[in-house]
Structures are given as structure tokens and as C-alpha cells.
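As the structure is a prediction and not an experimental result, all values here were calculated from the model. FYI, side chains are in, hydrogens and waters are out, and symmetry mates aren't considered; it's all heavy atoms of this structure. Whatever order the structure lists them in is the order used to number ligands and atoms, beginning at 1. Numbering of residues begins at 1 and proceeds along the displayed sequence.
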Amino acid sequence: MDRYIVVGGNRLSGTVRMSGAKNAILPVMAATVLTPGDHLIRDVPRLRDVEVMKEILEALGARVQPEEGGRSLLVNTDGLNASEIPEDLMREMRSSIFLMGALLGRMGQVRCCHPGGCAIGSRDIDLHLMGLGALGADIHEKYGYINASAGRLVGREIYLDLPSVGATENIMMAAVLAEGTTIVRNAAKEPEIVDLQNFLNGLGARIKGAGLDVIRIDGVTQLHPGEHTVIPDRIETGTFMVAAAIARGEVEIENVIAEHVEAITAKLRETGATVRVEKDRVVVSADRRARAVDFKTLPYPGFPTDMQPQMMALMCTADGTSIITETIFENRFKAADELRRMGADVKVEGRSAIIKGVPRLSSAAVEGPALREGVALVLAALTADGVTTVEGVHHIERGYEALEQKLASLGADITRETWREPRPVRQYAG
Ligand code: EPZ
């Protein structure tokens with residue numbers, strides 16, 4: 001297994017460019033199965049999750065090859081000849097569940113395993129299945145598998161009990177080839193939904209309203225292949241904004257859509273950091289200890305849950321007490337256990353975490369239990385006293401392209417080493 005070695009204390013300075021958004025590229029890759037032909041997708045981030053989605057598409061009969069020096073993918077789906085998502089890949093990446101809508105639209109059937117939960121929560125899929133069922137899919141669940149089939153799906157009005165990102169995307173993809181009009185109410189409004197709408201409309205779909213809470217999809221009888229450039233990753237952007245605040249210094253972050261990080265910008269300014277917003281970049285600078293602030297995670301455009309662990313790390317070193325409320329996932333304070341090993345004062349009570357900032361964290365051997373929780377530990381290590389080792393790199397590289405290189409280019413002292421053998425259990429002095 002790999003781990004990062006981080007020597008804390010270096011200020012950050014310089015410029016870093018954000019990659020394409022993980023949570024935009026995954027549904028766009030899934031949507032390519034809706035129509036045969038060559039799809040060219042640009043600004044594709046080099047991430048484990050993109051590799052998994054590539055393997056799933058190839059298992060279904062598609063051909064996926066890098067183009068333009070690897071910054072783009074050419075996806076050809078002429079050879080699509082299967083509708084079962086391989087269980088091992090489905091388990092590795094639960095978000096492959098939104099292939100269901102696309103496969104129902106193209107193949108009229110899909111078989112996949114129930115994705116199950118993950119470290120941050122149960123992550124049910126009842127809204128996905130409700131939506132696809134409402135469009136006419138016949139869905140059976142047994143032995144941990146889901147079988148869904150349909151002739152031509154029929155458009156309906158669907159109300160989502162909560163604005164689920166994945167359910168909204170699944171329904172959109174199923175509805176584009178359905179007969180008649182589908183209206184999705186209480187739809188998720190994340191920028192990645194708008195990006196998916198733009199990609200689908202580029203294939204000849206007729207969708208309006210993504211980014212608002214009512215989305216209208218007028219079904220069409222056929223689509224054609226398309227090209228698309230993925231939007232920048234707003235969570236990677238927020239992560240580097242917090243890195244500048246926690247390590248201090250001044251960092252210019254390029255390839256940014258400022259509107260997508262407004263909640264993060266506002267919250268960081270409350271902590272006392274300076275955030276300068278320009279057309280396609282933000283410049284974050286901090287030269288003193290952050291002020292403690294309270295926040296709660298909310299669906300977009302509220303403060304994103306995917307930035308909660310990173311902000312928790314910053315609050316651990318802030319001046320004062322902060323209260324974080326996690327309203328999206330029921331088990332997303334797992335970073336707290338490891339931050340406490342670094343001397344943080346964090347108490348978790350249900351959906352809230354109370355953090356008393358300490359002047360400085362201390363280094364430790366820590367392990368990230370999940371993607372955003374892992375990167376939060378790297379951020380904490382940037383400012384900790386001494387050498388921190390962060391295990392769980394395999395989680396982090398699911399969502400961050402070249403994290404250590406990008407941080408090192410800004411002056412962080414971070415390296416990556418590979419463990420071939422299980423690490424001997426070390427007894428640390430008391
Ligand atoms: C997407 O997950 C993102 N993943 C997540 O990012 C993100 O945290 C989440 O949206 C919320 O913004 C991708 O886009 C690939 P949801 P998704 O459906 O679609 C409950 C990251 O770190 N729910 O909006 O799975 C669910 O349990 C990842 O990049 C149901 O109850 O999120 C959760 O509590 C983590 N029934 C809440 O809704 C359903 O049918 C939000 O889930 C669906 C969801």
C-alpha cells in the first residue's frame with residue numbers, strides 16, 4: 001500500500017491548475033452508452049475512478065482509448081453487447097449505479113449488484129429505483145442483485161424526496177430516449193448536473209432546467225455521438241483553497257469556475273483568509289491563524305459535504321470553537337478519529353462536530369478511511385509539527401490527480417512511498 005510522507009510547516013506559494021471534475025466525467029462517460037459512435041471527451045482527469053468507469057464500459061463492449069496525449073478519451077460504443085455491470089467494479093465504485101439509466105435507455109435492460117454503502121453512509125438507491133420504475137422499468141431485486149428491464153420507457157412527472165445527485169442523473173439519462181416528457185421535481189442542482197445536461201443536449205437530447213430544481217426532458221427517438229470538455233473540479237479547487245489557508249502563504253488556482261466555489265469562498269473569507277476571485281482563477285492568501293467558524297453542509301449551492309472534512313482540518317487549528325453540522329451523509333465525521341491522533345480537539349455528537357482549535361497539530365501516523373477524509377489528513381499534515389505519514393492513498397487518488405506533485409509544486413514537503421509489506425506496528429512514545 002502507498003502512503004504520503006509530509007513534513008509540516010512549509011508555507012505554500014505559486015500557481016496550480018485544477019483537473020476536470022471527477023463527479024462530472026463519471027456520468028458523462030456513463031451517458032456515452034446511450035448512442036453508438038465516437039464520443040470525444042476532453043480535460044479528463046487521471047483518476048482511479050475514471051479507470052474503473054473505463055473498465056466497466058469496456059466490459060460492456062465499448063472501446064475507450066486515450067487521445068490528445070491522454071488529456072482526452074475517445075469512447076466508441078458501437079460494440080455495446082452487454083447490460084450487466086461487473087460486480088467487482090460496481091463494488092469498487094458505487095457511483096456506477098447511474099449506468100442503470102443509460103443502459104435501460106440503450107439496451108432496454110440492466111443487471112447490477114446492489115452497490116451497498118460505503119465509509120460515509122448507507123447511501124441508499126431507493127430514489128434511483130423509484131425514478132426508473134416511474135418511467136416504466138420493471139425492477140426486481142434478489143440475492144443482492146438488481147434486474148431492470150423495459151421496452152421503450154415513458155416520460156412521467158417524478159418528485160424526488162431529496163435532491164439526490166445520482167438519482168437526478170440516472171433519471172435524466174433514462175428519460176432522454178423515453179416516449180414523451182419527463183419532469184423531475186426537487187432535482188439536484190449541482191454544476192455536474194448542468195454539465196451532464198450540456199453533454200446530453202450535445203448528443204441531440206432535449207433537456208432544460210438543469211441547475212434549477214425542476215428539470216424537463218422531452219424524449220427523442222435517437223441520439224448521435226458528441227464531444228465535450230469536462231468542467232473543472234470544484235472540490236479539488238476547494239481543497240487547494242483550504243490548503244492555502246491551513247499552510248498559509250499565497251496560492252493562485254487556475255481552471256476554476258468561481259461561481260461553483262462561492263460557498264467555499266464565503267466561508268474561507270469568514271475565517272480571515274483573503275480570496276481574490278478572477279475570471280477563471282482564485283487567489284487565496286492567509287498569513288495568520290484562521291478564525292473558528294460554524295457551518296452546515298447542504299445541497300448545492302450550499303456548502304458542499306465533499307468539502308466538510310477539509311474544513312474540519314482547518315478548524316482544528318483555528319482560534320476558537322466551531323460547530324460543523326453534516327446534513328447530507330450520516331457518517332461523514334470519520335476524519336475526526338485520525339485528527340485527534342494529531343492532537344485535535346474534536347467531539348462528534350450525532351450530525352454535529354464541535355471543534356476547539358489548537359495552536360498547532362502534532363505529527364502522527366494516520367490513515368485516511370475515505371477519499372475526502374484522507375485528503376483532510378494531508379491538509380492537517382501540511383501544518384503539523386514534524387513528519388506525518390498518511391496511509392490510504394488509494395482512497396485519495398480516486399478523486400485527486402497528482403496530489404503530491406501539485407502540493408510539492410507549491411512548496412509543500414510531501415513525498416509518496418510504496419509499502420510492499422504490511423507496515424510493522426510501531427509503538428510510539430507516550
Ligand atoms: C454524489 O453522490 C457525489 N458523487 C458525492 O461525491 C457527493 O458527496 C454527493 O453527490 C452529494 O453531493 C458523485 O457524483 C460520483 P446523493 P451521490 O444521491 O449521488 C441519500 C465525493 O467525495 N440518498 O446526492 O451518491 C444518500 O444516502 C463523493 O466525490 C438516498 O437516501 O449522492 C445521501 O445521504 C462522495 N436515496 C444523500 O441522499 C437515494 O436513492 C445524498 O446522496 C439516493 C441518495
Side-chain angles (χ1 to χ4, degrees), residues 19-31 45 47-50 52-53 56 90 92-101 114-134 139 141 146 158-173 184 186-196 213 230-231 233-239 260 263-264 296-311 326-332 334-335 351 368-376 392 395-401:
S19 300
K22 167 179 86 81
N23 293 347
I25 181 67
L26 294 177
V28 163
M29 287 175 76
L47 301 171
R48 176 67 194 135
D49 275 10
V50 172
V52 173
M53 185 57 86
I56 293 174
M90 182 100 187
E92 184 173 351
M93 186 179 69
R94 65 175 313 285
S95 56
S96 41
I97 188 74
F98 45 54
L99 267 162
M100 282 189 78
H114 196 292
C118 68
I120 61 178
S122 61
R123 301 186 74 178
D124 204 341
I125 58 167
D126 56 323
L127 298 176
H128 295 248
L129 302 183
M130 178 278 290
L132 298 177
I139 300 172
E141 288 186 77
I146 304 167
I158 296 167
Y159 179 82
L160 293 177
D161 293 350
L162 52 86
S164 157
V165 172
T168 302
E169 291 166 340
N170 232 338
I171 294 164
M172 281 168 73
M173 287 190 265
V184 184
N186 196 26
K189 299 184 276 195
E190 275 70 4
E192 293 76 24
I193 310 270
V194 178
D195 208 36
L196 178 61
D213 54 3
V230 176
I231 56 172
D233 194 315
R234 61 191 170 95
I235 305 302
E236 184 190 25
T237 303
T239 302
H260 293 174
I264 303 162
K296 67 168 61 172
T297 63
L298 287 168
Y300 192 88
F303 190 90
T305 176
D306 293 346
M307 280 299 303
Q308 179 263 102
Q310 297 92 310
M311 275 300 284
E326 172 57 60
T327 72
I328 307 293
F329 291 108
E330 69 270 24
N331 187 22
R332 200 171 204 177
K334 295 179 86 77
R351 292 272 186 148
L371 164 55
R372 307 300 177 185
E373 292 70 11
V375 84
H395 289 304
I396 297 170
E397 64 185 2
R398 287 188 49 211
Y400 291 91
E401 177 181 0

Counting N and O atoms only, with roles assigned by atom type, does the side chain of E190 sit under 3.5 Å from a partner on the main chain of Y300, one being a donor and the other an acceptor?
-> yes
Just go through I120, D126, L127 and tell me whose heavy atom is the nearest to atom 36 (N) of ligand 1.
-> D126
If you have a sec, work out which protein heavy atom is nearest atom 5 (C) of ligand 1 and how many Å separate them, to one decimal?
-> D306 OD2, 3.7 Å
Closest protein heavy atom to atom 37 (C) of ligand 1, given as residue, atom name and distance to 0.1 Å | I328 O, 3.8 Å
So, R372 versus Y400: side-chain donor-acceptor pair below 3.5 Å or not?
-> yes
Taking the non-hydrogen atoms of R94, is any one of them nearer than 4.0 angstrom to ligand 1?
-> yes
Can a salt bridge be assigned to the pair E192 and R234 using a cut-off of 4.0 Å between side-chain N and carboxylate O?
-> yes
Looking at V375 and Q310, what are the two nearest heavy atoms and their distance?
-> CG1-CG, 3.7 Å
Using a strict cut-off of 4.0 Å, indicate which atoms of ligand 1 neighbour a heavy atom of S95.
-> 15 (C)
Closest non-hydrogen protein atom to atom 3 (C) of ligand 1, residue and atom name please, with distance?
-> N23 ND2, 3.7 Å
Closest protein heavy atom to atom 32 (O) of ligand 1, given as residue, atom name and distance to 0.1 Å = F329 CZ, 4.2 Å
N-O pairing of E401 and K22 below 4.0 Å | no
In terms of heavy-atom contacts, L132 and N170 come closest through CD2-O, 4.1 Å
Does any N/O atom on L26 come nearer than 3.5 Å to any N/O atom on ligand 1?
-> no
Could you give the distance from CD1 (I193) to CE (M172), rounded to the nearest 0.5 Å?
-> 6.5 Å
Judged by heavy atoms only, the candidate from E373, E236, R372 nearest atom 22 (O) of ligand 1 is R372
Heavy-atom contacts under 4.0 Å between K22 and ligand 1: side chain, backbone, both, or neither?
-> side chain
Which residue and non-hydrogen atom of the protein lie closest to atom 26 (C) of ligand 1, and at what distance in Å?
-> R123 CA, 4.1 Å
Give yes or no for whether the N/O distance cutoff of 3.5 Å, strictly under, is met between G166 and ligand 1.
-> yes
Measure the CG-CG distance between D124 and L162 for me, rounded to the nearest 0.5 Å.
-> 9.5 Å
Atom 18 (O) of ligand 1: the protein heavy-atom neighbour that sits closest, reported with distance to 0.1 Å | S164 OG, 2.7 Å
Nearest non-hydrogen partners of P299 and P163, listed with the distance = CG-CG, 3.8 Å
Can you tell me which residue and heavy atom of the protein come closest to atom 38 (O) of ligand 1, and the distance to 0.1 Å?
-> L162 CD1, 3.2 Å
Specify side chain, backbone, both or neither for R332, according to which of its non-hydrogen atoms lie closer than 4.0 Å to ligand 1.
-> side chain
For L371, counting its heavy atoms only, list the atoms of ligand 1 lying under 4.0 Å from any of them.
-> 22 (O)
Is it true that a side-chain atom of R332 and a backbone atom of I120 form a donor plus acceptor pair closer than 3.5 Å?
-> no
Indicate the atoms forming the closest heavy-atom contact of L160 with L127, along with that distance.
-> CD2-CB, 4.2 Å
Residue and atom name of the nearest protein heavy atom (relative to atom 39 (C) of ligand 1), distance in Å to one decimal = D124 O, 3.0 Å
